[in-house]
Participant: 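The following block contains the structure, expressed as structure tokens.
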Amino acid sequence: AQLDTLDLIVLVALLVGSVAYFTKGTYWAVPKDPYASSAAANGAAKSGKTRDVVEKMEETGKNCVIFYGSQTGTAEDYASRLAKEGSQRFGLKTMVADIEDYDYENLDKFPEDKVAFFVLATYGEGEPTDNAVEFYQFLTGEDVAFESGAGADDSPLSSLKYVAFGLGNNTYEHYNAMVRHVDTALSKLGAQRIGSAGEGDDGAGTMEEDFLAWKEPMWTALSDAMGLQEREAVYEPVFSGQPKGPYSAHNPYVAPIVESYELFTVKDRNCLHMEISISGSNLSYQTGDHIAIWPTNAGAEVDRFLEVFGLEDKRHSVINIKGIDVTAKVPIPSPTTYDAAVRYYMEVCAPVSRQFVSSLAAFAPDEQSKAEIVRLGNDKDYFHEKITNQCYNIAQALQSITSKHFTAVPFSLLIEGLNKLQPRYYSISSSSLVQKDKISITAVVESVRLPGASHMVKGVTTNYLLALKQKQNGDPSPDPHGLTYSITGPRNKYDGIHVPVHVRHSNFKLPSDPSKPIIMVGPGTGVAPFRGFIQERAALAAKGEKVGTTLLFFGCRKRDEDFLYQEEFKKFQEQMGDSLKIITAFSREGSEKVYVQHRLKENASLVSDLLKQKANFYVCGDAANMAREVNLVLGHIIAEQRGMPAERGEEMVKHMRSSGSYQEDVW
Ligand code: FAD
């Protein structure tokens, strides 16, 4: 393949030695992946990976490390952005680090003239993300001790300057618990925080603005503390390089979809059931786990993006993407093409960041567009009115500013500035006991018109899955809503109806003793894991095992419209007899809207009795409203049925959460 040398983007990691020369940071980081190729593993080994961050910074000439604790990749992306900004605006020598990749016992040796950032997401019930568990346990443990031998009472971290930002969701009780606890622990150990500990709120949808509002005063404080000089932020590519063979540090299992159909079809609403085979892979799952699906962007949006940035004509030119810096990781398997990079690896349809739009001002096609971009960058309200509220993605946003193309924007800026395409998680809707090699998912296709927006937002992953379903069911050129997917994947790797996946283990689990009763609340697609739970208990009952009461509260709009798995549940009922009870709430059948929480209340004494028999209580689905309501109602039920004050009921629910008998799987 011919290489378009002018467009060689730079690249990948681990060119030890030859890269010592470069001092600019490169900030691609990729989550640890069970399918990381052996090439990647060898590369890491060759680079002589150390777990000593002080040594690593010394060796690579860094003075700023940005640790991330990330579950889905968002915290990691914020870490990358901070690294880039620190480098471009303040000349910091930054590196991004997975918090799991380093030891912490020597944080007491952290040099005074350097700084450590902690960008930490809170997961589930106030827990650390998987990659931050050890760090968290170490730091908050009773007898924390460092290499020097100093312990919690001696201020061992007095030389450590740190910056903290948390990613949380205020619909959870333990809002941003991770960053709060880490901040407290670090201060207690004598470390010196720079700026305030930022908190972004995904629940209120203000993560980006919370981040922007937090970081400016933080940079001011950091400049004071480290004597940094702000310089004009000039775009400097962090990618460049020569051709290098295929490289994949990011390699999910490409699984065959063995069956797919729609659970209901109502005008404009689709809900998919898919069976994904993991047979022959080394993947395994347990009932209640999550599967991650790695999507492909819609062709229509790839075209729009390439057109807006003037890349349409050379979309199939071969490019190489290589990291300049030893601390860089590879975002995009290389060599690739513009088309493939955009289609498979860049999150081009997501809401647009004001900061990123600002960074394009220098490359605007004319003065007028430049002035508009500058205004959008500086005026938060204006940006909201013109871009955010319109639900534009980046290409649509630029199209709304001018019909001219942004041909001057370096492709490497787009790679750095946009998030990498994230996998989406689905609650597995099958039982591993019943079908250990086949994972079911239940996904509603996202197609929403948000208030005030002029167009529908089409979910990236679910519309892609819909196209796969159409193809599998005989449509030769699937094209849901004119989105034109490229089904066969990069280098035809997904041909024959495949989708890249990985499995994430969760704590959402059936009791190990099947005779224990369970109560499940799962309206809409929230029923997904409960289909798996019921499938499992029905199979156990069919084998003659004693299965406890299995009570499901299910809700949807109408019995004849969107009652998921109605027929299957009838079959399970035959196997389980009276032990399976399904209580339904149909919100659009009567004059009043009835939801699962209403039904829960109506069945207070049954629920209370089952709880007395030590039932586990499970909630799955909408985090913002339903899960919170259910939590409240359950508190009321307990209080009322046991003649306690309301606060005691709430406390009992809290206690159930901490003891694991109240479990949530919400999104
Ligand atoms: P995306 O492209 O990610 O869009 C999602 C939403 O973001 C849109 O609907 C819109 O509101 C907003 N949005 C996107 N782009 C823009 C824009 N440019 N401007 C403004 N707003 C925008 N879903 C299920 O159906 N079944 C499950 O069993 C299930 N289980 C889950 C389990 C977990 C643990 C988690 C975290 C999530 C689960 N989800 C489940 C949700 C699922 O992961 C996806 O979020 C969902 O399917 C939408 O993905 P998508 O790629 O189609 O949509």
Side-chain angles (χ1 to χ4, degrees), residues 71-74 121 123-124 129 169 171-172 202 205 207-208 263 269-274 288-298 301 304-305 347-353 356-357 383-384 386-397 400 418-419 421-430 439-468 480-481 483 485 499 501 503-508 522-532 562 564-565 619-624 627 663-667:
Q71 196 74 24
T72 59
T74 314
Y123 189 50
T129 54
N169 184 320
T171 59
Y172 287 86
D202 200 28
M207 183 69 75
E208 177 70 13
L263 288 162
R269 278 179 83 208
N270 308 79
C271 186
L272 299 169
H273 178 92
M274 293 189 140
D289 283 344
H290 301 138
I291 182 169
I293 305 272
W294 297 67
T296 288
N297 280 310
E301 291 305 330
R304 187 200 306 276
F305 185 93
E347 195 84 75
V348 295
C349 292
V352 182
S353 127
F356 180 61
V357 170
F383 186 84
H384 276 249
K386 293 284 178 191
I387 308 292
T388 312
N389 293 349
Q390 294 304 317
C391 298
Y392 286 145
N393 60 37
I394 183 65
Q396 289 168 328
S400 77
L418 295 170
N419 291 343
L421 190 54
Q422 293 292 341
R424 271 53 164 188
Y425 290 94
Y426 294 86
S427 302
I428 292 176
S429 58
S430 52
I439 290 180
S440 308
I441 64 166
T442 309
V444 71
V445 178
E446 288 279 330
S447 180
V448 286
R449 188 188 301 278
L450 297 172
S454 53
H455 70 107
M456 306 283 282
V457 173
K458 300 284 179 192
V460 172
T461 315
T462 49
N463 285 282
Y464 163 59
L465 291 176
L466 178 59
L468 287 170
H481 319 291
L483 292 170
Y485 287 87
V499 67
V501 303
V503 172
R504 182 171 78 186
H505 296 286
S506 89
N507 295 326
F508 196 74
T525 45
V527 78
F530 303 137
R531 178 198 180 249
D562 52 354
L564 303 177
Y565 302 114
V619 189
C620 179
D622 168 38
Q663 299 183 18
E664 274 183 351
D665 182 23
V666 294
W667 59 83

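Atoms within each ligand, like the ligands themselves, are counted from 1 in listed order. Keep in mind that the numbers below use all heavy atoms, side chains included, and drop hydrogens, waters and symmetry copies.
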Participant: Does even one non-hydrogen atom of Pro351 get within less than 4.0 Å of ligand 1?
Facilitator: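 Pro351: in contact with ligand 1 (<4.0 Å).
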Participant: Give the atom numbers and elements of ligand 1 that come within less than 4.0 Å of a heavy atom of Ala350.
Facilitator: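 Numbered from 1, ligand 1 contributes 18 (N).
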Participant: Which is it for Val448 and ligand 1 at heavy atoms under 4.0 Å: side chain, backbone, both or neither?
Facilitator: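 It is the side chain that touches ligand 1; the backbone stays farther off.
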Participant: How far is atom 18 (N) of ligand 1 from the closest protein heavy atom, and which atom is that?
Facilitator: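 Going atom by atom, the protein heavy atom closest to atom 18 (N) of ligand 1 ends up being Cys349 O, 3.0 Å.
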Participant: Where on Ala453 is there a heavy atom closer than 4.0 Å to ligand 1, on the side chain, on the backbone, on both, or on neither?
Facilitator: neither
Participant: Pick, from Cys271, Cys620, Ser427, the option with the minimum heavy-atom distance to atom 28 (O) of ligand 1.
Facilitator: Ser427
Participant: Considering only heavy atoms of Cys391, which atoms of ligand 1 have at least one such atom less than 4.0 Å away?
Facilitator: 17 (C), 18 (N), 19 (N), 20 (C)
Participant: Checking contacts here: is it the side chain or the backbone of Val457 that comes within 4.0 Å of ligand 1, counting heavy atoms only? Could be both or neither.
Facilitator: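 Looking at Val457 and ligand 1, just side chain atoms fall under 4.0 Å.
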Participant: Under a 4.0 angstrom heavy-atom cut-off, which atoms of ligand 1 come close to Thr442?
Facilitator: 24 (C), 25 (O), 26 (N), 27 (C), 28 (O)
Participant: Could you pull out, from Val460, Leu450, Thr525, the option with a heavy atom nearest to atom 21 (N) of ligand 1?
Facilitator: Leu450
Participant: Which bit of Pro529 is near ligand 1, meaning a heavy atom under 4.0 Å away: side chain, backbone, both or neither?
Facilitator: neither
Participant: Do His290 and Asp665 have side-chain heavy atoms sitting under 4.5 Å apart?
Facilitator: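 His290 vs Asp665: side chains touch.
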Participant: For Gly459, counting its heavy atoms only, list the atoms of ligand 1 lying under 4.0 Å from any of them.
Facilitator: 1 (P), 2 (O), 50 (P), 52 (O), 53 (O)
Participant: Look at ligand 1 and say whether Tyr392 reaches it with a heavy atom at a distance under 4.0 Å.
Facilitator: yes
Participant: So Leu272 and Tyr426, do their side chains get closer than 4.5 Å, heavy atoms only?
Facilitator: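 No - every pair of side-chain heavy atoms lies 4.5 Å or more apart.
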Participant: How about His505 and Asp289: does a side-chain donor come under 3.5 Å of a side-chain acceptor?
Facilitator: yes
Participant: So Trp294 and Leu421, do their side chains get closer than 4.5 Å, heavy atoms only?
Facilitator: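 No, too far: nothing below the 4.5 Å cut-off.
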Participant: Run the numbers on Tyr392 and His455 for side chain to side chain contact (heavy atoms under 4.5 Å, CB included), then give the verdict.
Facilitator: CA-CA 9 Å; Tyr392 286 145; His455 70 107; 4.1 Å; yes
Participant: Taking only heavy atoms of Ala528, which atoms of ligand 1 are found under 4.0 Å from at least one of them?
Facilitator: 28 (O)
Participant: Would you mind telling me if ligand 1 is within reach of the side chain of Trp667, the backbone, both or neither, using heavy atoms under 4.0 Å?
Facilitator: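 Just the side chain.
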Participant: List the atom pairs, donor and acceptor, that lie under 3.5 Å between side-chain atoms in residues 442-449 and the rest of the protein, sequence neighbours left out.
Facilitator:
{"residue": "Thr442", "atom": "OG1", "partner": "Ser429", "partner atom": "OG", "Å": "2.8"}
{"residue": "Thr442", "atom": "OG1", "partner": "Tyr565", "partner atom": "OH", "Å": "2.6"}
{"residue": "Ser447", "atom": "OG", "partner": "Lys458", "partner atom": "NZ", "Å": "2.7"}
{"residue": "Arg449", "atom": "NH1", "partner": "Ser454", "partner atom": "O", "Å": "3.1"}

Participant: For atom 12 (C) of ligand 1, is some protein heavy-atom partner under 4.0 Å away?
Facilitator: no
Participant: Should we say atom CG of Asn389 is surrounded by more than 12 heavy atoms from elsewhere, each under 6.0 Å from it?
Facilitator: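 Buried by this count: over 12 neighbours within 6.0 Å.
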Participant: Under the ring pair (Phe, Tyr, Trp, His ring centres under 6.0 Å) rule, collect the residues that match up with Tyr123, sequence neighbours excluded.
Facilitator: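 Scan of Tyr123 (ring pair (Phe, Tyr, Trp, His ring centres under 6.0 Å), adjacent residues dropped) gives none.
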Participant: Heavy-atom distance to atom 49 (O) of ligand 1: which of Arg424, Glu664, His290 wins?
Facilitator: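 Considering heavy atoms of Arg424, Glu664, His290, the nearest to atom 49 (O) of ligand 1 sits in Arg424.
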Participant: Answer yes if a protein heavy atom lies under 4.0 Å from atom 9 (O) of ligand 1, otherwise answer no.
Facilitator: yes
Participant: Arg504 versus ligand 1: do any nitrogen or oxygen atoms come within less than 3.5 Å of each other?
Facilitator: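 For ligand 1, there is no N or O atom that lies under 3.5 Å from one belonging to Arg504.
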